[in-house]
Every structure is written in structure tokens, then in C-alpha cells.
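These notes are about the structure you will find just below.
Because the structure is a prediction, the values reported are computed rather than measured. Residue numbering restarts at 1 for every chain, and letters A, B, ... go by the order of the sequence lines.
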Amino acid sequence: MIKAIRGMHDVLPTESAAWRYIERTFRQLMDSYGYGEMRMPVVEKAALFVRTVGEATDIVEKEMYNFVDRNDERLCLRPEGTAGCVRAGIENGLLQRSGPQRVWYCGPMFRRERPQKGRYRQFHQFGVETFGMAGPEIDAELLLLTARLWKMLGINGLELQINSLGTVAARARYRQQLVAYFNGYLEQLDSDSQRRLKTNPLRILDSKNPSMQAVIDGAPKLCDCLDDESEKDFSRLCALLDAAGVAYSVNPRLVRGLDYYEKLVFDWVGTIGAQSTVCAGGRYDGLVSQLGGPVTPAAGFALGIERLLALLDEEKLAALKPVSDAYLVLAGEAAREHGLVLAESVRDTLPELRLRVNCGDGSFKSQLKRADRSGASLALILGEDELAEARITVKYLRQERQQQTIPQTALTALLREEICNHVQERG
RNA sequence: GUGGAUGUAGCUCAAUGGUAGAGCCCCGGCUUGUGGUGCCGGUGGUUGUGGGUUCGAGUCCCAUCAUCCACCCCA
């Protein structure tokens, strides 16, 4: 039997209800802040990510799904959304003299990692990118809207960590200091960190190895090397967050795996298996020009939808299971035929009604059982008796109430009264 | 990519190296046309896959695939 590719998963009808709920919430949130939706291709030129994410990063070095197209172009499945979003913005003229842009997107990303909880080879991100706004106000807006998102979804217990990496120049200076420092303690570094010293020395700072903590604690601090502008923006951002009542902690060791970040970076952390980051982002003022666009300040973040789902309250998820409103029970061949026709006319007038028709075999008893399990509040019964008189029986499955047999012509009015008038918004 | 645990019915799990089982789900009956609780019966398995050891393997060995965990990495 052919099975799904490792690390790639099917979303079943019971689970997709939660996905729809989350996606609906994203749309609501983004609408309320005035962000527009972008939809980018899943396949891009590999060079796009090599140049932006960074040649020496794990994502590019060993996790990308690369392939050569029939015309010998080197393509890949996108490992993240920001680079493609910037490429699309430049290519479509969104970043040429058109003022600030606020956009979002949602879709699958691909990284060939070893799967575990909260980490899959095809995973899904909700991403937000802003262009043309330099100040810390837009950074604060991004953090405020994520905080609002947690509130909308009923997620508690995420912690906001922020840090400033400084400008590219400041970070390069710091990197030199750091390499010099760690080179003096080479024998105390574990093998991972010795490797990182050459590839991404800032990463050594968030090593989980307890035996390295002493060396790390003695390392020069990034915040001591910050340029004036980064420092000023960072403290301004802190003041904005304070004013808005968003709690955060400054984590001087918070760094990024993607090369394009500078100045502000942030993480919303929780616990999903061994993974902690749910949502992460920052500022990437150099990326647009690096990809051939005009010099454009930019900031954004991405959020892992699978990780977000893992944080959703079980009770809340259970309440999202798809249910029908009414289930049409059909006894006898004539009723089966007439039932389909009747259901169509009901849907003509009540499109928001969720009506499931029993199709195929099933005893009367088992049809009622299916009606019950469908979650329907009403069973509509059409048998030989009803058919002969052009009537239909309505049985209340969720209330102590006598069933009634009414003319079929009165059915839509009854359904509108009993169900449609009480239906709130639903996904 | 490294180390470890696990893999039996649709689901959750049993089964000293000796005839593969239970609960839930599904179908039918008790009730000629009345669900949710009860009772009875039934369908459903190349024991992840491929080799090997053995008279005999779900069980032991090897490989492989997948899931989970810790690294690594990251959303």
C-alpha cells in the first residue's frame, strides 16, 4: 500500500473544523488591522532562499526540497514565506512608491527535517509582513496583533521574548568579538558549538548544554555592542509595549536562524513537545533591496499552525466538530426518491441549513441512530405513511418534545423557525 | 543527520515461542416505523514491510519504513 510521505499528514474532517476556525480567526484579525492577503506559489527558484535565508543555514544546506525542472532551472518547495512574499511584492510593483504595505499569507511550507511533535516536513504557516514602515510603532503593532490573536483563540501561557540584534554592521562587529572570545575557550565548547563557531556563532548563545553555561555567561553581550539607532528603537518599542500592557521579557540570547533579520527579533514561546516557538519574527530592513527592490524597511513574523493547534483547548476543539442540523430518514424506495427531491427544494430556500440525507441502505432504527450521531437536532422522517399524505414527521432529538407530522409544504418554515433563526456565524 | 522507545482489527489495547482476542466503532436482532442507557448476534487481521533462526514466530535476530521522545534545527 502506498502511504503518505514521511512528515506529511492528512487533515481529516474532524480536524479540519479546527483548521477552519483558526483560518477564519486569522482573516478576522487581519481584516480588523487592515492587512491584505497575498497568495504566493509553493514552488520558487532555489536561489531565492539561498540568497535570503542564508547559504550556511540548515534550512538551505540540508532541509530544502530541491529539484531541477525540465528546463534545467533549479527550483525548490518553499521552506518559508518571507522571501517569496518580498519577491512577489517587488515583482508586482507593490513596493514602488506605493507607500506602506501590510500583507499576510497562509499556506504550506516544506523542510526536510526529522519529524517529531510540532515539526513536520510539510507544515503550515500564517505569516504577516509589513513594508515601508521603519519606526518601532509597526513593530509594536505586530506584537499587539499577535497578542490579540492569542486572546481570540483563548490561548494562555505564551511568553513574549524580545531582543535586538542591532544593524547588520553592529552584528558583524559583535560576531567578531564573540568568535574571538569563544576561540579562547575552544576546549570547553562541545562539538556542536565548535561547529557553530564557524557557521553561526550567535547560535552558541542559546545552546541547551548545561556544561557550557559558564562559558556562555562570560561571553560578551550583544546589547553592549548595539548601535545607537537600534538601541533607541528597542527602548522605544519596550515603552510602546508597556503602554499597551503587553508583557514581555528581554532575552539577550535570542537570535535567529535566518540571515535576513536585523534589529528587533521576537519569539512567542510555549511548549509543544520539545518545540517552544509558536510564532517568531523581527525586522529585515535589508531584504527588499537585497532582492533588487527599493530600499524598504520591513518587519514581519510567521506562526506555525500545527503548533498553534496543539495549544488549543481540547474542549474548544470538541465544540468545533462538524455537525448537521437535520437528518432525513427515508423508509421505502418511493421515499428514497422523493426524499432527495424534497431535500433539494429545502436547500433552495435555506442554503445555510445543514441537511444530511440518508443514502443507501439502513434499517429505520439504524437511520435514526445515524441521525443521532450526525449531531442533528432534528430527524425528518419520510416513510410510506407520510408519503401517501404528502406529509413529513419531525422528531426532536435534543429536546423533550413530542414529534409532529406536518405537511411537506410547511417544512421549510419549520426548519427556518427551529434552526436557521438561531444559527450564529459558523465556519 | 545522531541516540533511544514503540509498531497487533477503523480506534484504544491484550495474547509463557504452540489455534490471534477484548472494549469501542460499524451492521443486524430483541422492538413490522423511532436514536441516545440495556441484552444477544455478526462483519472486520498477510500482527508496519522484507528477510532469518525454529518442528513451530505477533513473540527471538537482522534490515527497512513509520510514529513518538531527546539532540540538532526551527514556526
Practice item. Return yes if a side-chain donor-acceptor contact under 3.5 Å exists between E306(A) and H9(A), otherwise no. Key: no

Review point. Say you pick atom P in C30(B) and the same atom in G36(B); how far apart are they, in whole Å?
Key: 14 Å

Practice item. For RNA chain B, just give me the dot-bracket, please: Watson-Crick or G-U, both distances below 3.5 Å, ( ) intra-strand, [ ] crossing earlier pairs, | paired with another strand, . unpaired. Key: (((((((..((((....[..)))).(((((.......))))).....(((((..]....))))))))))))....

Review point. Can you tell me how far P in A5(B) sits from the matching atom in A63(B), rounded to whole Å?
Key: 13 Å

Practice item. Taking atom C1' in both U59(B) and U54(B), compute the distance separating them and give it to the nearest angstrom. Key: 13 Å

Practice item. Measure from the side-chain heavy atoms of R111(A) and tell me the nearest of A75(B), G3(B), C71(B). Key: A75(B)

Review point. Rounding to the closest angstrom, what is the interatomic distance between U31(B) and C40(B) at atom C1'?
Key: 13 Å

Review point. NA contact type, G7(A), heavy-atom cut-off 4.0 Å: base, sugar-phosphate, or nothing?
Key: sugar-phosphate

Review point. Tell me: CG of D206(A) to P of A75(B), nearest whole Å?
Key: 12 Å

Check your understanding: Between the base of G35(B) and the side chain of D372(A), is there a donor-acceptor distance below 3.5 Å?
Key -> yes

Review point. Of all the nucleotides listed (A75(B), C27(B), G35(B)), which has the minimum atom distance to the side chain of L258(A)?
Key: A75(B)

Exercise for review: Between A20(B) and G28(B), how far apart are the C1' atoms? Round to whole Å, please.
Suggested key: 25 Å

Check your understanding: Can you check the I5(A) CD1 to U67(B) C1' distance for me, whole Å?
Key -> 16 Å

**Study point:** Under-3.5 Å donor-acceptor pair between R119(A) side chain and C72(B) base
**Key:** yes

Review point. Does S207(A) or V278(A) map to a spot on RNA chain B nearer the 5' end, using the closest nucleotide for each?
Key: S207(A)

Practice item. Would you kindly give the CZ-to-C1' distance between R114(A) and A66(B), to the nearest whole Å? Key: 11 Å

**Study point:** Integer angstrom distance from the P of G42(B) to that of G48(B)
**Key:** 26 Å

Check your understanding: Can you tell which of U67(B), G35(B), G48(B) lies closest to the side chain of K3(A)?
Key -> G48(B)

Check your understanding: Q404(A) and Y396(A): side chain to side chain contact (heavy atoms under 4.5 Å, CB included), yes or no, with the steps?
Key -> CA-CA 9 Å; Q404(A) 50 177 319; Y396(A) 297 87; 2.8 Å; yes

Check your understanding: I204(A) CD1 to C71(B) C1': how many Å, rounded?
Key -> 17 Å

Practice item. Would you indicate what G362(A) reaches in the nucleic acid, counting non-hydrogen atoms under 4.0 angstrom: base, sugar-phosphate, or nothing? Key: sugar-phosphate

Review point. Among A66(B), C73(B), A75(B), which is the nearest nucleotide to the side chain of R196(A)?
Key: C73(B)

Review point. Which nucleotides of nucleotides 29-34 of chain B have their base under 4.0 Å from a protein heavy atom (B), which only their sugar-phosphate (S), and which neither (-), written as one string 5' to 3'?
Key: SBB-BB

Review point. Where does the angle between the aromatic ring planes of F126(A) and F301(A) fall among parallel (under 30°), tilted (30 to 60°) and perpendicular (over 60°)?
Key: perpendicular

Check your understanding: Could R196(A) and D206(A) be called an ion pair, given the rule that one side-chain N must be under 4.0 Å from one carboxylate O?
Key -> no

Check your understanding: Is it true that R347(A) and E344(A) have a side-chain N and a carboxylate O under 4.0 angstrom from each other?
Key -> yes

Point to revise | R51(A)/D259(A) under side chain to side chain contact (heavy atoms under 4.5 Å, CB included): CA gap, chis, key distance, verdict | key: CA-CA 9 Å; R51(A) 282 170 52 189; D259(A) 282 356; over 6 Å; no

Review point. G1(B) base to R112(A) side chain: any donor-acceptor pair below 3.5 Å?
Key: no

Check your understanding: What is the distance, rounded to the nearest whole Å, between atom CG of L397(A) and atom P of G36(B)?
Key -> 11 Å

Review point. Less than 3.5 Å between a donor and an acceptor, one on the side chain of R307(A) and one on the base of C74(B), is that the case here?
Key: yes

Check your understanding: Is R370(A) touching bases, backbone alone, or none of the nucleic acid, heavy atoms closer than 4.0 Å?
Key -> sugar-phosphate

Check your understanding: Looking for any heavy atom pair under 4.0 Å, which part of the strands does R203(A) touch: base, sugar-phosphate only, or nothing?
Key -> sugar-phosphate

Review point. E113(A) CD to A70(B) C1': how many Å, rounded?
Key: 15 Å

Exercise for review: Quote, to the nearest angstrom, the C1' distance that separates U43(B) from G4(B).
Suggested key: 40 Å

Check your understanding: Do E80(A) and R78(A) sit within salt-bridge range, that is, some charged N less than 4.0 Å from a carboxylate O?
Key -> no

Review point. Among Y35(A), Y284(A), W104(A), whose side-chain hydrogen bond (donor to acceptor under 3.5 Å, both in side chains) with E129(A) holds?
Key: Y284(A)

Exercise for review: Would you mind checking if E418(A) and R401(A) are paired as a salt bridge, meaning a charged N to carboxylate O distance below 4.0 Å?
Suggested key: yes

Point to revise | Y120(A) OH to A66(B) C1', straight-line distance once rounded to whole Å | key: 14 Å

Check your understanding: Side-chain N or O of Q116(A) less than 4.0 angstrom from OP1 or OP2 on U67(B)?
Key -> no

Review point. What about R6(A), does its side chain sit under 3.5 Å from the base of C65(B) through a donor-acceptor pair?
Key: no

Review point. Salt bridge or not for D372(A) and R398(A), using N-O below 4.0 Å?
Key: yes

Exercise for review: Take D361(A) and R336(A) through the salt bridge (charged side-chain N to carboxylate O under 4.0 Å, His left out) test and state the conclusion after the steps.
Suggested key: CA-CA 10 Å; D361(A) 294 327; R336(A) 283 195 191 182; 3.0 Å; yes

Review point. Are the charged groups of E91(A) and R87(A) less than 4.0 angstrom apart, N to O?
Key: yes

Check your understanding: If the P atom of U19(B) is compared with that of G41(B), how far apart are they to the nearest Å?
Key -> 24 Å

Check your understanding: Starting at CD of E15(A) and ending at P of C11(B), how long is that distance when rounded to a whole Å?
Key -> 13 Å

Point to revise | Most 5' of A280(A) and A274(A) on RNA chain B, judged by nearest nucleotide | key: A274(A)

